[in-house]
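Note sheet for the following structure.
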2 protein chains.
Amino acid sequence: MSNPQRKQTVTEISDATLRQFFGYRMKRAFNVVQADLAQTLKRYELRMLTYSALVLIVDNPGLRQSQLADAMDIERPNLVVLIDELERRELILRDRVPNDRRAYALKPTLAGQQLCSQAVAAVTAHEEALLQDVDASERAAATDVMKKIERRYRDG
Amino acid sequence: MSNPQRKQTVTEISDATLRQFFGYRMKRAFNVVQADLAQTLKRYELRMLTYSALVLIVDNPGLRQSQLADAMDIERPNLVVLIDELERRELILRDRVPNDRRAYALKPTLAGQQLCSQAVAAVTAHEEALLQDVDASERAAATDVMKKIERRYRDG
DNA sequence: CCTAATAGATATGGAGTATAACAATGATGA
DNA sequence: TCATCATTGTTATACTCCATATCTATTAGG
């Protein structure tokens, strides 16, 4: 390692072209956030998607699978396995919707509510630590940009 | 649809708990950006990763696969198939590194350079359209936040 | 030399996502 | 009523992305 050109290859990689793209920056930052989240949720045996589903069911008891899939922006077939998992762990249950025997009313169990509270608290703390360099106004500004991007998509 | 309670289910889903998380907003916005990018790259038969790899090879001709994997933050085995694909399409080639017969020096072909230019221009235009509601100062603020998150991870 | 480290490749599995197709049920209109 | 269509959840399938273990060829270092 004494000779800096010992292998006659590029020494420093430039990502100048990619760095100009907002999406590139977003992907790199999101990878960090996602890795931190996954690490945080591991002790609750939750993943990002099972966590999101659980929180939404706790906050909206009685919702249908199709509503949950819409809210999570995933396809109905992919939600089924998530719900299967949460149900098998007895964190939620599939109740019947009265007057519509096609649909399930998803409801959290007591254990599901408790795990949800713990997980939300843990995620809040970890996200706070991850964003400790970012003050409130910066977060608000970044959040506004995210909202605009999301809205732009919904509108078409 | 005349009776708003006709099915006795939750009518409007609340994601208030999740919305408080920066990571949640980021994921939703990033999904939009990624979908737009994928759509843009489709006509060039590129995906996000093959596109990133191609751009980095064009900008850093002669770099090694392990350097590229580092730059892209992906594992070496996963890069191999990306490089295979770009090489098979004759957008890049695996040259030999002098004095190190283990390594390849990745270089773009002329076709690779041309496709890269076209793709970069298309991505730039599409990203501009996606961000047309977001002015320069907002973008800069959001980009700063992304940089801080990324740096926080690198530092530990 | 002998051993350890490095570069690339192969195999494999998990996770996320998307589509097609199906059964059961509900809604609608002739 | 009844025929038709839409909706709900499900199964099967496939593709992409990501991670790990393991292998070879080669290089580096004691």
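The chains referred to below are lettered A, B, ... by the order of the sequence lines, with proteins before strands, and numbering in each begins at 1.
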Q | Between C/dG26 (C1') and A/Arg64 (CZ): distance, integer Å | A | 10 Å
(Q) What is the distance, to the nearest angstrom, from the CG atom on A/Asp84 to the C1' atom on D/dA12? (A) 14 Å
**Q.** B/Leu115 versus B/Tyr44, closest heavy-atom pair with distance
**A.** CD1-CD2, 3.7 Å
Q. Closest to the B/Gln65 side chain: D/dA19, C/dT6, C/dG8?
A. C/dG8
(Q) Can you measure A/Asn78 atom CG to D/dT16 atom P for me and round it to whole angstrom units? (A) 16 Å
Q) Given C/dG8, is OP1 or OP2 found less than 4.0 Å from the side-chain N or O atoms of B/Ser66? A) yes
Q. Taking NZ, NE, NH1 and NH2 as the nitrogens, is one of them in A/Asp84 or A/Arg94 under 4.0 Å from a carboxylate oxygen of the other?
A. yes
Q) Between B/Asp133 and A/Lys148, does at least one N-O distance fall below 4.0 Å, as a salt bridge requires? A) no
Q) Which sits closer to the 5' end of DNA chain C, A/Ile74 or B/Pro77, going by the nucleotide each is nearest to? A) B/Pro77
(Q) When you measure from the side-chain N and O atoms of B/Lys27 to the phosphate of C/dT17, is any distance below 4.0 Å, counting only OP1 and OP2? (A) yes
(Q) Can you measure A/Leu79 atom CG to C/dA18 atom C1' for me and round it to whole angstrom units? (A) 14 Å
Q. Of the nucleotides C/dT25, C/dG8, C/dA5, which has the atom closest to the A/Arg102 side chain?
A. C/dT25
Q) Which nucleotide in the set D/dA6, D/dT10, D/dC18 lies at the smallest distance from any side-chain heavy atom of A/Arg76? A) D/dT10
Q) What is the distance, rounded to the nearest whole Å, between atom CG of B/Asp95 and atom P of C/dA7? A) 18 Å
Q. For B/Glu90, does the CD atom sit with more than 12 other heavy atoms under 6.0 Å from it, leaving out its own atoms?
A. no
Q.
Quick check on C/dG26: is either OP1 or OP2 less than 4.0 Å from any side-chain nitrogen or oxygen of A/Arg101?
A. yes
(Q) Under 4.0 Å from OP1 or OP2 of C/dA7: is there any side-chain N or O of B/Arg94 that close? (A) no
Could you list the donor-acceptor pairs under 3.5 angstrom formed between side-chain atoms of residues 48-59 of chain B and any protein atom two or more places apart in sequence or on another chain?
residue	atom	partner	partner atom	Å
B/Thr50	OG1	B/Arg47	N	2.7
B/Thr50	OG1	B/Arg47	O	3.0
B/Ser52	OG	B/Met48	O	2.9
B/Asp59	OD1	A/Thr17	OG1	3.4
B/Asp59	OD2	A/Thr17	OG1	2.3

Q) Of all of residues 33-51 of chain B, which get a heavy atom below 4.0 angstrom from DNA chain D, listed by number? A) B/Arg47, B/Leu49
Q) Considering all heavy atoms of both residues, which atom of B/Val32 and which atom of A/Glu150 are nearest to each other, and what is their separation? A) CG2-CA, 4.2 Å
Q: Specify the separation, in whole Å, of atom CG of A/Asn99 and atom P of C/dG26.
A: 9 Å
(Q) Taking the basic N atoms (NZ, or NE/NH1/NH2) and the acidic carboxylate oxygens, is any pair closer than 4.0 Å for B/Arg139 and B/Glu128? (A) yes
Q | Distance, rounded to the nearest Å, where A/Ile83 contributes CD1 and C/dG16 contributes C1' | A | 15 Å
Q. Rounded to the nearest Å, what distance is computed from the CD atom of residue A/Glu75 to the C1' atom of nucleotide D/dT16?
A. 16 Å
Q | Candidate nucleotides C/dA7, D/dG9, C/dT25, ranked by approach to the side chain of A/Asp100 - the nearest | A | C/dT25
